[in-house]
Amino acid sequence: MPGSLVGDVSVAPGRLALPLMPPRRQRARTVVRLRGDLTSSRAPRVRRKLLRAFARAPSILEVDLGEVTCLAPEAGALLLAAAATARRSGTRFFISRASPRGLHVLRQLGMQHLTDTPLLPDP
């Protein structure tokens with residue numbers, strides 16, 4: 001007989017109904033750590049890192065700017081787009097450890113309206 005009896009359910013090879021897709025929310029929190037000068041030339045790399053983070057479908061996405069030495073408006077616009085994407089997908093989004101200068105760029109772009117926590121300087 002091509003199957004076996006498990007309890008009251010006949011189980012045939014190849015007919016097991018197991019979920020093959022991971023659950024939508026795999027991680028509670030994903031942290032993207034950026035560093036160095038975030039200029040327009042580095043924007044594609046930043047974009048790839050953010051896309052990889054969103055692919056994990058986190059419930060919280062944190063962008064750590066603690067080692068960022070310069071935040072150009074072009075890179076800040078990518079963070080703004082990521083915050084908007086997070087809001088549409090129901091992911092909480094926040095920026096951590098930003099320098100006062102980086103916070104200034106983000107505030108000029110309107111980031112404070114899209115983050116789930118206030119934009120505060122690194123303590």
Side-chain angles (χ1 to χ4, degrees):
M1 187 170 229
S4 65
L5 205 57
V6 178
D8 291 329
V9 180
S10 176
V11 180
R15 292 187 182 220
L16 294 176
L18 297 176
L20 299 177
M21 298 293 291
R24 179 160 172 7
R25 296 280 181 203
Q26 293 183 36
R27 296 176 181 254
R29 177 190 203 112
T30 295
V31 179
V32 175
R33 288 183 175 83
L34 302 175
R35 65 176 177 237
D37 290 346
L38 300 186
T39 59
S40 58
S41 65
R42 300 250 343 254
R45 185 175 181 193
V46 171
R47 183 178 182 276
R48 284 190 303 273
K49 284 185 110 170
L50 291 168
L51 287 173
R52 280 194 305 268
F54 276 113
R56 295 179 181 154
S59 57
I60 299 171
L61 179 59
E62 173 186 352
V63 178
D64 181 343
L65 301 179
E67 295 184 33
V68 170
T69 53
C70 173
L71 179 64
E74 299 84 7
L78 278 174
L79 296 177
L80 189 68
T85 299
R87 180 160 285 200
R88 283 191 305 272
S89 67
T91 300
R92 294 185 65 215
F93 182 90
F94 66 98
I95 303 286
S96 64
R97 301 186 332 129
S99 69
R101 183 175 246 170
L103 287 173
H104 178 72
V105 170
L106 294 173
R107 285 187 182 117
Q108 283 185 319
L109 293 170
M111 179 69 83
Q112 68 274 16
H113 301 293
L114 293 173
T115 57
D116 289 296
T117 59
L119 290 175
L120 300 172
D122 187 19

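These values consider heavy atoms only, across backbone and side chains, with no hydrogens, waters or symmetry-generated copies.
- One distance of note links CZ of Arg101 with OG1 of Thr69; it measures 10.5 Å at 0.5 Å rounding.
- A 4.5 Å side-chain heavy-atom check between Phe54 and Leu61 finds at least one atom pair inside the cut-off.
- Looking only at distances, no side-chain donor or acceptor of Asp37 sits under 3.5 Å from a matching main-chain atom of Thr39.
- Separating the CD atom in Glu62 from the CZ atom in Arg92 is a distance of 11.0 Å, to the nearest 0.5 Å.
- Closest approach of Arg87 to Thr115, counting heavy atoms only: NH2-O, 4.3 Å.
- Note that CG of Leu34 and CZ of Arg97 are 11.0 Å apart. Values are rounded to the nearest 0.5 Å.
- Of all heavy-atom pairs spanning Val32 and Ala53, the tightest one is CG2-CB, 3.4 Å.
- Scanning for side-chain contact (heavy atoms from CB on, under 4.5 Å) contacts around Arg35 gives Glu67, with sequence neighbours left out.
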Listing, residues 78-85 side-chain donor-acceptor contacts under 3.5 Å, not counting sequence neighbours, or none:
{"from": "Thr85", "atom 1": "OG1", "to": "Ala81", "atom 2": "O", "distance (Å)": "3.0"}
{"from": "Thr85", "atom 1": "OG1", "to": "Arg88", "atom 2": "NH2", "distance (Å)": "3.3"}

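- Separating the CZ atom in Arg47 from the CZ atom in Arg42 is a distance of 16.0 Å, to the nearest 0.5 Å.
- Put simply, the side chain of Leu50 reaches to within 4.5 Å of the side chain of Val63, judged on heavy atoms.
- Pro58 is listed as a side-chain neighbour of Thr91, based on a closest heavy-atom distance under 4.5 Å.
- Counting all heavy atoms, side chain and backbone alike, Gly76 lies closest to Met111 at O-CE, 4.5 Å.
- Counting only residues at least two apart or on different chains, no side chain to side chain donor-acceptor pair (under 3.5 Å) pair has a member in residues 71-83.
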